[in-house]
A.B. asks: 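One structure, as structure tokens, below. Some questions next.
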Amino acid sequence: MRSGIVSYGTYIPRYRITPKDIGRVWGQDGVMMGKSLNIRAKSVPAPDEDTITISVMAARRAMKRSNVEPSSIGAIFVGSESHPYAVKPTATIVSEAIGAAPDLTAADLEFACKAGTAGMQAALGLIEAPNEQIPIDYAMSIGADTSQGAPGNALEYSASAGGVAFLFGKKDVIASVDLTMSYTTDTPDFWRREGMKYPSHAERFTGKPAYFRHVQKAAEKVMNRMGMEPKDYDHATFHQPNGKFPLNIARKLGFTKDQISAGLWTPEIGNTYSGSMMIGLAGILDIARPGEKILAVSYGSGAGSDAFNLTVTDNILSFDLGRSITVKEEAKIGRYIDYSVYLKFREKIKMEGE
Amino acid sequence: MSVARFWRKQDQRYNLMGTECQVCGRKFFPNKSMCPVCHRKSIGKMNKYQFSGNGIVESYTVVHAGMPQYRSQVPYILAYILLEEGDHILGQIVDCDPEDVDIGKKVEMVFRKLGQEGRSGTIYYGYKFRTIL
Ligand SMILES: [Zn+2]
């Protein structure tokens with residue numbers, strides 16, 4: 001059998017803020033802003049949460065749903081653009097906190113919002129490699145972020161927090177990865193320099209030449225090679241920088257709203273960056289049936305897209321989904337905070353002695 | 001706390017690793033090298049045991065003037081928790097307001113930042129708790 005996803009876990013912080021509350025502070029019409037971005041609320045990490053804690057929570061939930069021994073995991077990758085340390089891997093802390101250390105390889109990956117899906121490809125490669133050369137049976141890739149937009153910037157309405165862990169292997173696969181291909185160019189649409197708290201973006205490059213071009217090219221490459229058309233898929237999910245872009249690219253490629261509904265989460269929780277498309281895929285697996293076909297395409301600024309063609313297997317029927325919370329359930333439980341509490345949580349206030 | 005001192009207790013802080021007495025089956029957190037009930041009979045029979053992190057609040061207090069590191073979290077809740085496997089543990093309860101906590105409430109373990117050595121030092125991680133919704 002083809003290798004693929006053996007288990008997965010997601011984590012969305014409990015706090016939420018609405019576009020209305022953000023807009024009120026900046027003299028903007030937050031309700032309109034939320035409507036135009038198709039975002040009703042975004043998740044906000046608690047003051048003691050960061051990419052490491054979110055990654056650990058997602059990884060632990062993935063392990064809860066599987067009977068794989070943590071010590072049999074041979075590789076852990078964490079993709080994020082908000083690793084708490086500039087030097088000191090997130091992946092080592094995750095490895096220790098799920099009991100996978102010390103007999104494994106681990107690394108942090110960076111590629112804007114698609115570092116986690118690059119990790120998915122790396123994990124698959126290690127598993128598919130000849131066992132006498134690379135004796136790895138299970139590998140985990142995590143996509144997690146606690147991203148920030150500068151106060152008052154449009155990004156502040158969407159930048160949220162969350163994470164997803166996918167465990168890959170060859171045994172008890174619930175969704176096989178039939179094909180993965182990528183599309184990558186040097187496009188300066190969005191960046192953050194070392195030491196800067198907030199990112200910058202070039203208006204001219206966001207949208208058409210960046211997100212839409214890369215997602216479309218990667219999606220078409222995979223569909224062409226698989227001999228698949230949009231109507232052949234049961235579900236599709238695309239990177240979701242806001243709630244609008246994925247709807248537009250879906251329409252452009254020929255997917256219906258029904259096909260993308262199970263994997264569309266930014267409208268409820270905001271853009272989780274490295275978690276975005278991976279949460280979409282998790283949301284689909286939460287409701288998937290044997291034999292269903294899934295197309296999943298990430299996007300990372302800078303720029304690139306990774307596309308995956310997956311097939312849900314019969315093992316999904318015996319998969320212990322109930323040992324953890326679904327995306328839908330966790331998206332629903334939110335504790336709403338106002339902008340002042342949000343500022344305190346996100347350390348946007350300069351405190352004495354800092 | 002020194003980096004090395006924290007590192008030695010990592011298994012305890014990250015994974016609620018305690019000990020189990022093989023003689024009477026009692027579980028302890030943090031770990032004990034000898035069972036306080038079985039005494040000498042338990043020597044060499046104390047095994048590593050990982051607690052699930054599920055428990056109930058036995059008692060709690062609301063901290064309004066905490067350590068400077070926790071100022072973005074005040075008021076915060078410290079609780080004395082009875083773990084489902086037996087022993088007690090002192091831990092912070094997060095993601096809720098003081099009025100949401102009550103004696104007898106069920107809690108689960110979460111993984112959180114405990115503190116950091118200033119802005120350039122290491123960050124400490126470990127267990128905290130939150131109420132089960
Ligand atoms: Zn004993």
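Proteins come first, then strands; the chains are lettered A, B, ... in the order of their sequence lines, and each starts at number 1.
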A.B. asks: Side chains of A:Glu329 and A:Thr326: do they bring a donor and an acceptor to under 3.5 Å?
C.D. replies: yes

A.B. asks: Please evaluate residues A:Tyr342 and A:Glu156 with respect to the criterion side chain to side chain contact (heavy atoms under 4.5 Å, CB included), reporting the C-alpha separation (whole Å), side-chain torsions for both, the decisive distance (0.1 Å), and the verdict.
C.D. replies: CA-CA 11 Å; A:Tyr342 169 74; A:Glu156 201 179 20; 3.4 Å; yes

A.B. asks: Does any non-hydrogen side-chain atom of B:Ser52 lie less than 4.5 Å from one of B:Glu84?
C.D. replies: yes

A.B. asks: Show me, pair by pair, the donor-acceptor contacts under 3.5 angstrom made by side chains of residues 266-276 of chain A, not counting sequence neighbours?
C.D. replies:
{"from": "A:Thr266", "atom 1": "OG1", "to": "A:Gln240", "atom 2": "O", "distance (Å)": "2.8"}
{"from": "A:Thr266", "atom 1": "OG1", "to": "A:Gly270", "atom 2": "O", "distance (Å)": "3.2"}
{"from": "A:Glu268", "atom 1": "OE2", "to": "A:Arg40", "atom 2": "NH2", "distance (Å)": "2.6"}
{"from": "A:Asn271", "atom 1": "OD1", "to": "A:Tyr273", "atom 2": "N", "distance (Å)": "2.8"}
{"from": "A:Thr272", "atom 1": "OG1", "to": "A:Ser276", "atom 2": "N", "distance (Å)": "3.0"}
{"from": "A:Ser274", "atom 1": "OG", "to": "A:Ala112", "atom 2": "O", "distance (Å)": "3.3"}
{"from": "A:Ser274", "atom 1": "OG", "to": "A:Asp145", "atom 2": "OD2", "distance (Å)": "2.7"}
{"from": "A:Ser276", "atom 1": "OG", "to": "A:His239", "atom 2": "ND1", "distance (Å)": "3.3"}
{"from": "A:Ser276", "atom 1": "OG", "to": "A:Gln240", "atom 2": "N", "distance (Å)": "2.8"}

A.B. asks: Would you name the heavy atoms of A:Glu81 and A:Arg192 that are closest together and state the gap between them?
C.D. replies: O-NH2, 2.9 Å

A.B. asks: Please examine the side chains of A:Ile98 and A:Ile73, heavy atoms only from C-beta on, and report whether any two atoms are closer than 4.5 Å.
C.D. replies: yes

A.B. asks: Spell out the residues in residues 47-65 of chain A that have some non-hydrogen atom less than 4.5 Å away from a non-hydrogen atom of chain B, in order of number; otherwise answer 'none'.
C.D. replies: A:Pro47, A:Asp48, A:Glu49, A:Asp50, A:Ile52, A:Thr53, A:Val56, A:Met57, A:Arg60, A:Arg61

A.B. asks: Using only non-hydrogen atoms and a strict under-4.5 angstrom cutoff, which residues of residues 87-103 of chain B touch chain A?
C.D. replies: B:Val94, B:Asp95, B:Cys96, B:Asp97, B:Asp100

A.B. asks: Going by residue number, which parts of residues 125-133 of chain B are within reach of chain A, meaning a heavy-atom gap below 4.5 Å?
C.D. replies: B:Tyr125, B:Lys128, B:Arg130, B:Thr131, B:Leu133

A.B. asks: For B:Glu85, is there an ion pair with B:Lys27 - N to carboxylate O distance below 4.0 angstrom?
C.D. replies: no

A.B. asks: Pick one of side chain, backbone, both or neither for B:Gln10, based on which atoms fall under 4.5 Å of a heavy atom in chain A.
C.D. replies: side chain

A.B. asks: Identify the heavy atoms of A:Pro19 and A:Tyr157 that sit nearest to each other, and give their distance.
C.D. replies: O-CE2, 3.5 Å

A.B. asks: Can you confirm whether or not the ring centre of A:Tyr138 sits under 6.0 Å from the ring centre of A:Phe168?
C.D. replies: no

A.B. asks: After noting the C-alpha distance and the side-chain angles of B:Ser42 and B:Gln22, does the key distance pass the side-chain hydrogen bond (donor to acceptor under 3.5 Å, both in side chains) rule?
C.D. replies: CA-CA 7 Å; B:Ser42 69; B:Gln22 296 301 297; over 6 Å; no

A.B. asks: Verify side chain to side chain contact (heavy atoms under 4.5 Å, CB included) between B:Leu16 and B:Met109, making sure each step is shown before the conclusion.
C.D. replies: CA-CA 9 Å; B:Leu16 284 183; B:Met109 179 186 48; 3.5 Å; yes

A.B. asks: Should A:Leu285 and A:Tyr8 be marked as a side chain to side chain contact (heavy atoms under 4.5 Å, CB included) after you check the CA-CA gap, both sets of side-chain angles, and the distance that decides it?
C.D. replies: CA-CA 9 Å; A:Leu285 293 174; A:Tyr8 65 98; 3.6 Å; yes

A.B. asks: Report the C-alpha separation of B:Tyr76 and B:Tyr70 in whole Å, then their side-chain angles, then the decisive distance to 0.1 Å, and conclude whether the ring pair (Phe, Tyr, Trp, His ring centres under 6.0 Å) test is met.
C.D. replies: CA-CA 8 Å; B:Tyr76 62 87; B:Tyr70 277 61; 5.1 Å; yes

